[in-house]
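Notes follow once the structure below has been shown.
All figures in this text were calculated on a predicted structure; none of them were measured in a lab.
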Amino acid sequence: MAEATILATGPSSSALERDARHIHDDKPISAGNIAIGVVIGRTSEFFDFFVFGLGCVLVFPRLVFPFAPDPVTATLYSFAIFSLAFLARPVGSFVFMWIDRTFGRGTKLTTALLILGGSTASIAFLPGYETIGMWSVALLALFRLGQGFALGGAWDGLASLLAISAPQNRRGFYAMIPQLGAPVGFALASILFGYFVVNLSDADFLDWGWRFPFFVAFAINVVALFARLRIVASHEFGAAMDNHELEAKPITEVLRLHGFDIVIGAFAPLASFAMFHLVTIFPLSWVTLYGGQSAGTFLFVQVLGALCGFATIMLSGFLADRIGRRRQLLIGAFIIAIFSFTAPFLLDAGVTGQSAFIILGFAILGLSFGQASGSVSSRFSAGYRYTGSALTSDLAWLIGAGFAPLVALGLASNFGIIFIGGYLISGAICTILALLLSRTLDSVDGVTKT
């Protein structure tokens, strides 16, 4: 009978996962091991995306878009390609949620991470425009779409499992752990690029040096895959699946029941998401195009900023446990709003100002970004929280961060750098309004939310 079922539906990893859970039934996995798996997984995702983002500034304008009339336009073309992944991500969620329900979480993750790592590694072999013409642009766009599509399938539920394991009085601390993958992934990408930029001639860097970070991405994704599959095969993950807390639901059903909650949840973290690429990808483009310091030096300043962001993400966990995650996000949004008035002047104030922009920006980002995940997840009923959180994340990244480098560079180049302050403050206003609306709705519905 089981054989007939497999033949009818195709190969599935679900039975293997259940067997593995029975084998390890007497070996519970600790919250610490879950946390390590979550951080490794998020680091691999952010590494892939940041390697591409840095390439959009340092490589693709010259390699893929040399036909552009000027370097600014070439960089804007690169940032347009950068945005494609955020458009493809919801499509990936739709397809991979079906794979999850039909073939199992292990099959879904293995397929998604192979596509993610394969798409990133394929860019390492990309010929330039001078070699294959517009096919270079088409291939770059295709690989970027592959990254975004795969990231939609990389939603594994491990962050939710970590939240389920969290003691009631440490929910803020556990909520910030997945966010640590962002500064770690960015720092690794920046160190790799910075090393080659500093130690190679410009010709060698553009010929082969830039390709190495993209090739490394595949190995990192393989490590992340095994770390995730180990937890998926644990008794704790199986118990959460049996309780329908990590179950993939049809997206149309989730949208019908929780569509409004998804929209609120997507706007709640916009302050930190708008800030996200304005302290990582955009400032490197500004410094590269308009001067202040060398790209190699600035990359290592950004690594220092990432370390500050790592520290303040951890601090956000302790603060959120004292004052509540929603209040933490509100305070973070107000701080970002204040920073938006000084940020343009710092970035346009030479080496000292640019370094201060990065250090302060990352520190402020960490306080807000550390609690951006799951800020309104209590409004999802337990059975829909896994899929609802995935869709909320897709929409939030699309609205808040997907077009940030493109919009920021376009505004700053055409109307003045002061306009990036307006972009930041608009994100802060969206966060404040979404959180206030969420609190009002929770009060009406009688939901207790920290």
Side-chain angles (χ1 to χ4, degrees), residues 38 41-42 45-46 49 83-102 105 108-109 111-113 115-116 145 147-164 175 178-179 181-182 228 240-241 244-270 272-274 276 325 329 369 371-403 427 430-431 434-435 437-438 441-442 445 447 449:
V38 170
R42 296 296 177 269
E45 294 170 5
F46 281 110
F49 266 56
S83 301
L84 292 178
F86 297 90
L87 296 170
R89 182 171 172 173
V91 179
S93 291
F94 185 88
V95 172
F96 280 103
M97 285 295 172
W98 174 81
I99 293 175
D100 193 333
R101 296 193 305 274
T102 308
R105 187 68 48 88
K108 170 195 174 185
L109 288 177
T111 305
L113 290 184
I115 293 174
L116 179 59
L145 287 169
Q147 282 188 317
F149 178 78
L151 191 61
W155 191 264
D156 49 25
L158 299 189
S160 298
L161 180 63
L162 190 61
I164 293 168
Q179 309 300 80
R228 288 168 154 181
M241 288 287 286
H244 306 291
E245 293 175 299
L246 297 177
E247 187 179 21
K249 294 286 189 180
I251 287 181
T252 53
E253 183 180 337
V254 178
L255 290 173
R256 178 173 55 83
L257 295 174
H258 288 286
F260 188 63
D261 299 320
I262 290 171
V263 173
I264 297 176
F267 278 90
L270 278 197
S272 58
F273 282 18
F276 193 82
R325 283 184 292 171
L329 277 176
F369 183 69
Q371 297 301 312
S373 178
S375 54
V376 292
S377 60
S378 66
R379 296 195 56 79
F380 293 109
S381 51
Y384 294 93
R385 192 165 296 170
Y386 169 73
T387 306
S389 296
L391 297 178
T392 301
S393 179
D394 291 346
L395 186 58
W397 281 108
L398 175 61
I399 298 173
F403 298 93
C430 286
T431 288
L435 290 173
L437 177 59
S438 175
L441 293 174
D442 286 350
D445 295 342
V447 176
K449 184 81 174 76

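Here the straight-line distance linking atom NZ of Lys249 with atom CG of Leu255 works out to 14.5 Å at 0.5 Å rounding. Atom CG of Leu435 sits about 5.5 Å away from atom CG of Leu329, to the nearest 0.5 Å.
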Worksheet item: Where do Phe403 and Leu87 land on the side chain to side chain contact (heavy atoms under 4.5 Å, CB included) test, with the steps shown first?
Response: CA-CA 10 Å; Phe403 298 93; Leu87 296 170; 4.1 Å; yes
Item to complete: Dump the intermediate steps for salt bridge (Lys or Arg N to Asp or Glu O under 4.0 Å) on Glu45 and Arg228, then the final yes or no.
Response: CA-CA 12 Å; Glu45 294 170 5; Arg228 288 168 154 181; 2.3 Å; yes
Practice prompt. Apply the test side chain to side chain contact (heavy atoms under 4.5 Å, CB included) to residues Phe86 and Asp394: give CA-CA distance (whole Å), side-chain angles for both, the deciding distance (0.1 Å), then the verdict.
Written response: CA-CA 7 Å; Phe86 297 90; Asp394 291 346; over 6 Å; no
Worksheet item: Hey, mind stepping through Ser272 and Gln371 against side chain to side chain contact (heavy atoms under 4.5 Å, CB included) and telling me if it holds?
Response: CA-CA 9 Å; Ser272 58; Gln371 297 301 312; over 6 Å; no
Worksheet entry | Step-by-step side chain to side chain contact (heavy atoms under 4.5 Å, CB included) determination, Leu151 to Phe49 | CA-CA 10 Å; Leu151 191 61; Phe49 266 56; 3.6 Å; yes
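Two residues are said to be in side-chain contact when any heavy atoms from C-beta on lie closer than 4.5 Å; Phe267 and Thr431 fail this criterion.
For Lys108 and Phe96, the positive end is not near the middle of the six-membered ring at less than 6.0 Å and at most 45° from its axis. A cation-pi geometry, defined here as NZ or CZ lying under 6.0 Å from the six-membered ring centre and within 45° of its normal, does not hold between Arg42 and Phe369.
When every heavy atom of Cys430 is checked against every heavy atom of Leu270, the shortest pair comes out as CB-CD1, 3.8 Å. Heavy-atom minimum distance, Leu116 versus Gln147: CD1-O, 3.7 Å. Between Ala112 and Ala154, the shortest heavy-atom distance links the atoms CB-N, 3.9 Å.
Look at Glu253 and Arg101 and you find no salt bridge, because none of the NZ, NE, NH1 or NH2 atoms lies under 4.0 Å from a carboxylate O.
In terms of modelled atom types and a separation under 3.5 Å, the side chain of Thr102 and the main chain of Trp98 share a donor-acceptor contact.
The side chain to side chain donor-acceptor pair (under 3.5 Å) search around Thr387 returns none, not counting sequence neighbours.
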